[in-house]
Enquirer: 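Sharing a structure, written as structure tokens. Questions coming.
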Amino acid sequence: DRSWVMDITGPWEGDYGPHGIEIIAVTDDANASRLVATKITGDPNVPATKVTFESSYRMAEGGRQLEFFDGRGQIAHTGYRRPSWIPGRLEIISPTCFKFHFEGLSSCTYRRIEAPPSPS
């Protein structure tokens, strides 16, 4: 039963520090056993439509979920110049909250939202 993975798919809002609140969409790439977070709204470094992080997952013995998952986060200079990946870690706090820790940088806390905002 992988229903817990599906519980964190969908739209989320995250606090990206000086860039403010941004919206992401988490999808499950089941063939690769990974979660992919794509920006719906972006910032000057990593714009909308780009992957902000991805994280592998696996079931622990006995079919219980793990709370922490290895992953990688995308960073870039202003204007999406020199994009690169750094190690990171996904921490599931609850069905409505998780964090992604960008190694050597800060972490972002995400909260579930019902639907992405409508375009203006």
Side-chain angles (χ1 to χ4, degrees):
D1 177 20
R2 293 176 354 100
S3 60
W4 64 270
V5 174
M6 299 308 295
D7 286 344
I8 66 168
T9 62
W12 297 80
E13 63 180 14
D15 185 352
Y16 281 77
H19 293 298
I21 301 297
E22 297 184 31
I23 308 297
I24 65 168
V26 176
T27 56
D28 179 8
D29 180 353
N31 292 330
S33 294
R34 71 181 178 152
L35 299 170
V36 178
T38 304
K39 287 192 173 186
I40 295 173
T41 59
D43 58 55
N45 298 76
V46 179
T49 76
K50 301 298 183 188
V51 173
T52 187
F53 69 83
E54 57 186 29
S55 182
S56 61
Y57 63 83
R58 65 181 172 83
M59 297 301 284
E61 286 186 37
R64 298 186 59 188
Q65 79 181 56
L66 300 177
E67 293 178 341
F68 293 91
F69 306 91
D70 292 328
R72 63 185 192 157
Q74 184 166 208
I75 59 172
H77 291 272
T78 301
Y80 196 61
R81 289 179 298 116
R82 296 176 41 206
S84 60
W85 295 94
I86 61 171
R89 199 147 178 88
L90 176 67
E91 175 187 3
I92 298 174
I93 297 168
S94 75
T96 60
C97 182
F98 70 83
K99 287 185 179 185
F100 190 82
H101 304 274
F102 292 85
E103 188 174 292
L105 299 174
S106 61
S107 63
C108 290
T109 300
Y110 299 89
R111 305 243 179 242
R112 181 179 295 283
I113 57 177
E114 290 304 312
S118 300
S120 301

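Computed from a predicted structure; not experimentally measured. Residue numbers run from 1 in the order of the sequence given.
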Enquirer: Is there a donor-acceptor pair closer than 3.5 Å between any side-chain N or O of Ser56 and the backbone N or O of Arg34?
Expert: no
Enquirer: Report the distance from atom CD1 of Ile8 to atom OG1 of Thr27, rounding to the nearest 0.5 Å.
Expert: 10.5 Å
Enquirer: Given the rule that I, L, V, M, F, W and Y join up when any side-chain heavy atoms are under 4.5 Å apart, are Val36 and Ile113 in one cluster?
Expert: no
Enquirer: Using every non-hydrogen atom in the two residues, find where Pro83 and Ala76 come nearest and quote the distance to one decimal.
Expert: CA-CB, 3.8 Å
Enquirer: So, Phe102 versus Phe100, ring centres under 6.0 angstrom or not?
Expert: yes
Enquirer: Shortest non-hydrogen contact from Ile86 to Glu103?
Expert: CD1-O, 3.6 Å
Enquirer: Ring centres under 6.0 Å, that's the criterion: do Phe53 and Tyr110 meet it?
Expert: yes
Enquirer: Work out which heavy atom in Val51 is nearest to a heavy atom in Gln74; give both atom names and the distance.
Expert: O-NE2, 2.5 Å
Enquirer: Is there side-chain contact between Lys99 and Glu91, with at least one heavy-atom pair below 4.5 Å?
Expert: yes
Enquirer: Between Asp15 and Thr109, is any pair of side-chain heavy atoms under 4.5 Å apart?
Expert: no
Enquirer: Kindly give the heavy-atom pair with the smallest separation between Lys39 and Pro47, and that separation in Å.
Expert: CB-O, 3.8 Å
Enquirer: Can you find a pair of side-chain heavy atoms, one from Arg111 and one from Cys97, that are under 4.5 Å apart?
Expert: yes
Enquirer: Is a donor on one side and an acceptor on the other found under 3.5 Å between the side chain of Thr52 and the backbone of Ala37?
Expert: no
Enquirer: Supply the atom-to-atom distance Arg82 CZ to Asn45 CG, rounded to the nearest 0.5 angstrom.
Expert: 12.0 Å
Enquirer: If only atom types and distance count, is the side chain of Thr78 paired as donor or acceptor with the main-chain N or O of Pro44 below 3.5 Å?
Expert: no
Enquirer: Of all heavy-atom pairs between Glu22 and Thr41, which one has the smallest distance, and what is that distance?
Expert: CA-OG1, 3.3 Å
Enquirer: Give the cluster check for Ile75 versus Leu90: same hydrophobic cluster or not, with ILVMFWY residues linked at side-chain heavy-atom distances below 4.5 Å.
Expert: yes
Enquirer: Taking the side chain as every heavy atom from C-beta outward, state whether Ile24 and Tyr16 have any pair of such atoms under 4.5 Å apart.
Expert: yes
Enquirer: Provide the closest heavy-atom pair for Phe69 versus Ser55 in the form atom of the first, atom of the second, distance.
Expert: CB-OG, 3.1 Å
Enquirer: Hey, quick one: are Leu105 and Tyr80 part of the same hydrophobic cluster, counting side-chain heavy atoms closer than 4.5 Å, chains of contacts allowed?
Expert: no
